[in-house]
Structure formats: C-alpha cells, structure tokens
Amino acid sequence: MGSELIQIMLANQPGPPAGARSFSGAAGEAASFASGGLLNERIMTNEAYGAQATPGLTRAHRPSLPVATAGALKTFYVETFGCQMNVHDSEKVQGLLLARGMTPVEDLTQADLVLYNTCSIREKAAQKVFSRLGAIRKTTTGTVKAIGVLGCVAQQEGERFFERAPQVSLVCGSASYSLLPQLLDQLEAGKPRVTGLALDTEECFETEMTRRDNPFRAYLTIIEGCDQRCSFCVVPMTRGPQRSRPSGNILAEARRVADQGYTEIQLLGQIVNAWHDPSPAGLSFAELLVRVAEVPGIRRVRFTTSHPRYFTSDIVQAIDANPNLCDQVHLPLQSGSTPVLARMLRGYTREEYLEKIHDLRKARRAISLSTDIIVGFCGETRKDFEQTLSLIEEVEYDQVFSFKYSPRPNTRAEGRGDDIEEEEKGRRLTELQEIQRQIQVRRNQALLGRSFEVLVEAYQARLGQAVGRSTTNRVINFPGGPQDVGRYLTVKVTSAGPNSLVAVRV
Ligand code: 5AD
C-alpha cells in the first residue's frame with residue numbers, strides 16, 4: 001500500500017509543469033494542480049492557509065555540500081521515503097516549518113535546510129538515504145546550511161549517523177517530531193549537532209498546520225507507534241510504543257479537512273485497527289470509522305494498515321452499513337504457513353486468518369481485498385511457501401504487495417539468520433507474482449461492463465486519458481480532459497489488464 005503511493009509520487013516528481021490549472025474541491029476551495037500530476041499540493045492550516053507551488057522531489061538536482069554553522073534557516077526542502085505514515089509525517093513536519101515562517105523551495109540547492117524522511121523497513125529502503133547523502137557530498141559549492149535526517153533510519157542509527165554522514169547536523173526520530181522547532185532553534189544558534197531520539201513518549205504528534213501534498217486524499221494519523229513485535233519488523237524499534245489519538249482530535253481534524261474541500265480521508269496507523277479511544281468518549285475503531293464517514297462533505301473513508309488480530313466483525317458491519325466507508329480492506333497476511341506465522345510472531349494461524357477473510361466475504365458489499373506477503377523468511381521451506389501460494393489462490397486478492405525477506409537490526413528474527421538464498425527468494429517472489437497476476441487478470445476481466453464511480457486524480461495529456469480511482473481502490477483510465485481532475489464521475493469498464501481497467505464515461 002505504502003509503496004504504491006511512493007511510486008506515484010516518484011513518477012510525478014517535478015513540480016507543476018507549465019499550464020498548471022486551477023482545481024475546485026467539492027467545497028469550492030481553489031487549489032493548484034498540474035495536468036498529469038497527481039500530487040501537486042495544497043498547503044492547509046486550520047484556517048485554510050492557501051495554495052502554493054510544490055517543491056517537487058526532483059532527483060536530477062545535484063546538491064551541494066552544507067556549510068558548518070546553520071545561521072538563519074529560511075528555506076526548506078523535504079524528501080520522503082517509505083510508507084504513507086512517512087508521507088503524512090512529512091506533511092506535518094512541513095506544517096511546523098511553515099509555522100516557523102520558513103518557505104518551501106523546489107530546488108534543493110536553494111534550500112537552507114534539507115530534510116530526508118527515511119524508511120528502514122527493508123535494507124534497500126534504508127540505503128536510499130545514504131546514497132542521497134553521498135550525492136550531496138560529491139558536489140561541494142555549498143548553499144545548504146543544514147541537513148537533517150528524520151524517520152526510521154534516523155531513529156535506528158541515532159548518533160552513529162553523524163559518523164557515517166558527517167554532513168548531517170540533525171537526527172530525529174518520529175516520536176520526537178514535536179521537538180523539531182527547538183532543535184532548529186539550537187542549530188540556528190550555532191549548535192553543530194542536534195538530536196531527538198527519545199522513544200518513551202506517550203504523546204501523539206499534533207500540529208496546528210499541515211502541508212498536504214495530495215490534493216484529493218487527506219491523510220489523518222489516528223495511532224502512532226507499534227507494540228506488536230512481529231519478529232521480522234523494525235517498526236516497534238523505530239516508531240516507539242503504540243499511542244492512540246483521542247477521538248475528539250481526530251474528528252476535529254476530519255471536519256477541518258472537509259471544510260478545506262477534501263472529500264476523501266485516509267486514516268493511518270502502523271496498526272490502524274489497534275486504535276482505541278483514550279478519551280472518555282470511548283469509541284471503538286468501527287465507531288470511529290462511522291463517525292468520520294458521517295462528517296459533512298466526506299464521501300470516502302479508507303484506513304490502513306489493519307492487523308488481522310484486531311480485525312473484528314464490527315468493522316465489516318460498519319463497511320457494509322455505510323457507503324461512505326470504502327469497500328476496500330488491506331489485511332497483511334505475511335505468510336500462508338502456520339509455522340512461519342508462529343515464527344513471525346504474528347499472533348494468528350492460517351485458519352484464523354481465513355476466518356477473517358470469510359467474514360469479509362460474507363458482507364453484502366463485495367469488499368476488495370489486498371495484502372502484504374514476505375517470501376523467504378528464515379526457515380521457510382518449499383512446503384511453507386506453497387501454503388502461501390495456495391492461500392493466495394483461495395482468497396483471490398485484488399492486489400498483493402510482496403517482498404523478499406530482509407533481516408533488520410534489533411529484531412527478534414535477526415539472530416535466526418537469513419538462510420534462504422537470494423536467488424531462491426527471487427524465484428519464489430516471481431512465482432508468487434505470476435500467480436497473482438493471473439488472478440488479477442481474471443478478477444478484473446470479470447468487471448467488464450460494470451460501472452464504477454471514480455474520483456479523478458490525474459489527467460495524462462499524452463494519452464488524452466483521465467485516471468480515476470474507485471471506492472474499491474481500482475485505478476480506472478478513461479478518455480477525459482484536465483477539467484475532470486477532482487471530479488466524481490461514473491464510468492463503465494470496457495477492458496481490463498492485471499493492474500488497471502479501461503472504461504468509458506456513462
Ligand atoms: N523484510 C521484508 N519485508 C518486510 N516487511 C516488513 N518488514 C520486512 C522485512 N524485514 C513488509 C511486510 C509489511 C510491509 C509494509 O513490509 O509485508 O506488511
């Protein structure tokens with residue numbers, strides 16, 4: 001799920017091209033969008049701060065080396081890696097920077113402050129920030145005054161970051177983002193290195209202002225951190241203990257984004273359905289979903305990522321009863337083999353997982369399903385892997401995100417070694433993806449002739465096509481123009497591939 005959004009972001013990196021046009025949200029608020037660009041931004045505050053041009057995440061910029069003391073930090077540039085939580089954390093961090101009077105810039109070399117919000121979920125993701133920092137080092141006519149690293153690699157490496165990358169002067173994990181204004185003050189006052197690395201927080205990161213990058217979907221964090229301790233996963237070590245936001249704060253933010261013109265909300269959490277209301281209102285997660293879906297102006301509510309362990313039938317009943325709750329659930333499986341699930345410390349068996357799926361399939365609405373799978377976890381036999389394949393064939397997911405196991409520091413599985421050869425992991429991944437491809441072709445073909453309401457998210461000028469998304473999270477392309485972006489339209493499917501559908505307007 002997370003990877004999907006990031007792919008879209010990377011594909012749309014440059015800022016608004018010439019000919020950026022005006023888009024009106026359902027509440028009539030004007031914002032800027034670019035033809036073909038999905039993620040041109042709106043800058044949002046509690047009082048609808050206004051719109052500005054986007055500093056895109058242009059990779060082509062060859063950055064220059066920072067100088068030693070920061071001095072006044074007036075401009076900033078943020079690049080984000082990883083999941084939707086990270087994407088949204090960056091939106092909130094940018095809100096803090098705006099509130100400090102700083103200005104976003106599109107060109108990295110124009111920035112006083114460069115921040116990388118990092119991801120550590122797999123080794124490859126963690127390496128990305130070091131290659132960026134390496135690139136910064138190579139070109140040395142410096143304008144950048146300070147470089148900071150945020151997120152999971154920052155938390156994981158801590159003070160060691162300064163040794164690996166001496167050009168870095170700020171290292172801050174997600175549990176300490178509310179300290180960022182003070183840390184920046186210290187940098188400006190001449191302190192060469194500052195850190196925010198405490199993990200023992202009980203608080204959520206609340207901001208007055210959020211710089212929302214996605215003009216159609218407002219992300220709202222409802223729960224931070226993770227207490228699950230799945231044996232493969234680094235997140236509990238990098239994001240700290242689980243803490244839920246009070247329902248009142250969440251609902252107030254939902255009303256704010258609705259006032260700002262958003263019609264779609266995505267509730268976020270590492271384990272979103274482990275949310276429980278710390279306030280006296282005492283709402284359940286399913287009740288919260290319904291309350292958010294009832295906010296005037298909101299037409300679509302999604303939530304990610306759910307853990308099967310907390311996926312209770314009242315969530316399914318809520319989706320069934322409320323058309324504003326999208327008929328889409330992402331329920332990571334990780335493995336179809338009970339012994340592997342036990343070693344992963346997932347807290348459910350194959351059969352228990354399948355019961356949850358059965359519950360979802362019993363709903364009146366045809367709820368679309370997606371999942372995450374890890375192949376080649378330590379000790380995974382061919383037979384274990386075949387259990388995963390058979391589960392995928394049984395469930396027939398609409399989408400599967402699959403990954404080769406990557407051992408992570410300080411996780412319980414780290415000590416168990418990484419005994420499946422890289423090539424074998426690759427073979428298993430390819431085999432799984434091919435089976436899933438065929439399932440998706442079949443499932444999508446079955447939609448021929450069906451009509452869907454889509455929210456149009458982009459227009460591809462080269463193809464003369466609008467790109468919409470259904471409530472079931474399917475991407476649907478159809479002939480359209482830039483004026484369609486931001487609208488809800490009904491389209492009828494005329495052809496289907498494994499990853500997207502082609503349609504005509506009805
Ligand atoms: N190796 C490979 N994939 C991982 N994931 C989490 N940790 C690892 C790891 N160490 C995958 C899981 C999770 C998704 C976000 O990333 O499938 O659901």
Side-chain angles (χ1 to χ4, degrees), residues 1-7 80-89 117-128 151-153 155-156 174 223-239 266 268-274 303-311 329-337 340-341 343-348 353 356 369-380 384-385 388 391-392 395 397 399-422 424-426 428-430 432-433 436:
M1 199 88 188
S3 55
E4 170 213 19
L5 181 75
I6 295 302
Q7 278 159 17
T80 307
F81 305 92
C83 63
Q84 270 143 332
M85 290 288 283
N86 259 13
V87 170
H88 184 47
D89 281 347
N117 192 357
T118 62
C119 170
S120 162
I121 197 86
R122 285 168 291 277
E123 181 59 23
K124 257 196 193 151
Q127 284 310 325
K128 281 188 187 153
C152 292
V153 185
Q155 188 69 51
Q156 182 187 300
S174 65
I223 178 168
E224 294 183 31
C226 183
D227 288 343
Q228 288 305 307
R229 311 266 160 192
C230 299
S231 63
F232 54 82
C233 189
V234 78
V235 167
M237 272 65 75
T238 58
R239 286 189 168 268
Q266 183 154 344
L268 294 178
Q270 293 299 331
I271 301 199
V272 74
N273 57 332
F303 55 94
T304 197
T305 291
S306 296
H307 192 296
R309 205 159 158 178
Y310 306 97
F311 203 85
V329 168
H330 183 68
L331 201 60
L333 165 69
Q334 311 304 358
S335 168
S337 152
V340 173
L341 288 170
R343 289 204 303 279
M344 288 177 162
L345 303 178
R346 288 289 287 172
Y348 54 85
Y353 181 91
K356 309 274 173 183
L369 284 175
S370 56
T371 199
D372 290 344
I373 305 272
I374 297 177
V375 301
F377 185 64
C378 33
E380 185 190 68
D384 290 321
F385 174 61
T388 301
L391 194 146
I392 282 176
V395 173
Y397 293 99
Q399 211 172 4
V400 170
F401 299 90
S402 48
F403 312 97
K404 292 193 269 184
Y405 172 58
S406 163
R408 307 307 300 127
N410 307 320
T411 55
R412 295 198 193 183
E414 192 195 13
R416 296 189 182 166
D418 182 21
D419 55 358
I420 312 295
E421 297 285 331
E422 238 356 74
E424 179 57 20
K425 284 183 193 168
R428 290 182 191 180
L429 195 70
T430 309
L432 183 148
Q433 288 176 346
Q436 180 56 27

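Counting starts at 1 for both ligands and their atoms, in listed order. Fair warning: this is a prediction, and the values are worked out from it, not measured in the lab.
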- [ ] May I ask you to decide whether K425 forms a salt bridge with E380, counting only side-chain N to carboxylate O separations under 4.0 Å?
- [x] no
Residue and atom name of the nearest protein heavy atom (relative to [atom]), distance in Å to one decimal:
atom	value
atom 8 (C) of ligand 1	I121 O, 3.7 Å
atom 10 (N) of ligand 1	S406 O, 2.7 Å
atom 16 (O) of ligand 1	R122 NH1, 2.9 Å
atom 2 (C) of ligand 1	K404 O, 3.3 Å

Task: Lys/Arg cation over aromatic F403: R122, 6.0 Å, 45° cone - done: yes
Check each heavy atom of [X] against ligand 1 and say whether those closer than 4.0 Å belong to the side chain, the backbone, both or neither.
X	result
I374	side chain
Q334	side chain
F403	side chain

- [ ] Would you please say whether a donor-acceptor pair under 3.5 Å links the side chains of Y310 and Q228?
- [x] yes
Open item on the list: If you define the side chain from C-beta out and look only at heavy atoms, does anything of I223 sit under 4.5 Å from I271?
Closed with: no
- [ ] Taking the side chain as every heavy atom from C-beta outward, state whether C226 and R239 have any pair of such atoms under 4.5 Å apart.
- [x] no
TODO: Return a yes/no value for D372: is any of its N or O atoms, backbone included, closer than 3.5 angstrom to an N or O of ligand 1?
DONE: yes
Task: ligand 1 N/O within reach of F232 N/O, cut-off under 3.5 Å - done: yes
Task: Those atoms of ligand 1 less than 4.0 Å from some heavy atom in R408 - done: 10 (N)
Open item on the list: Would L341 and F377 count as a side chain to side chain contact (heavy atoms under 4.5 Å, CB included) here? Give the steps.
Closed with: CA-CA 10 Å; L341 288 170; F377 185 64; over 6 Å; no
- [ ] Look at the side chain of N410 and the backbone N and O of V234, then say whether any donor-acceptor pair between them is shorter than 3.5 Å.
- [x] no
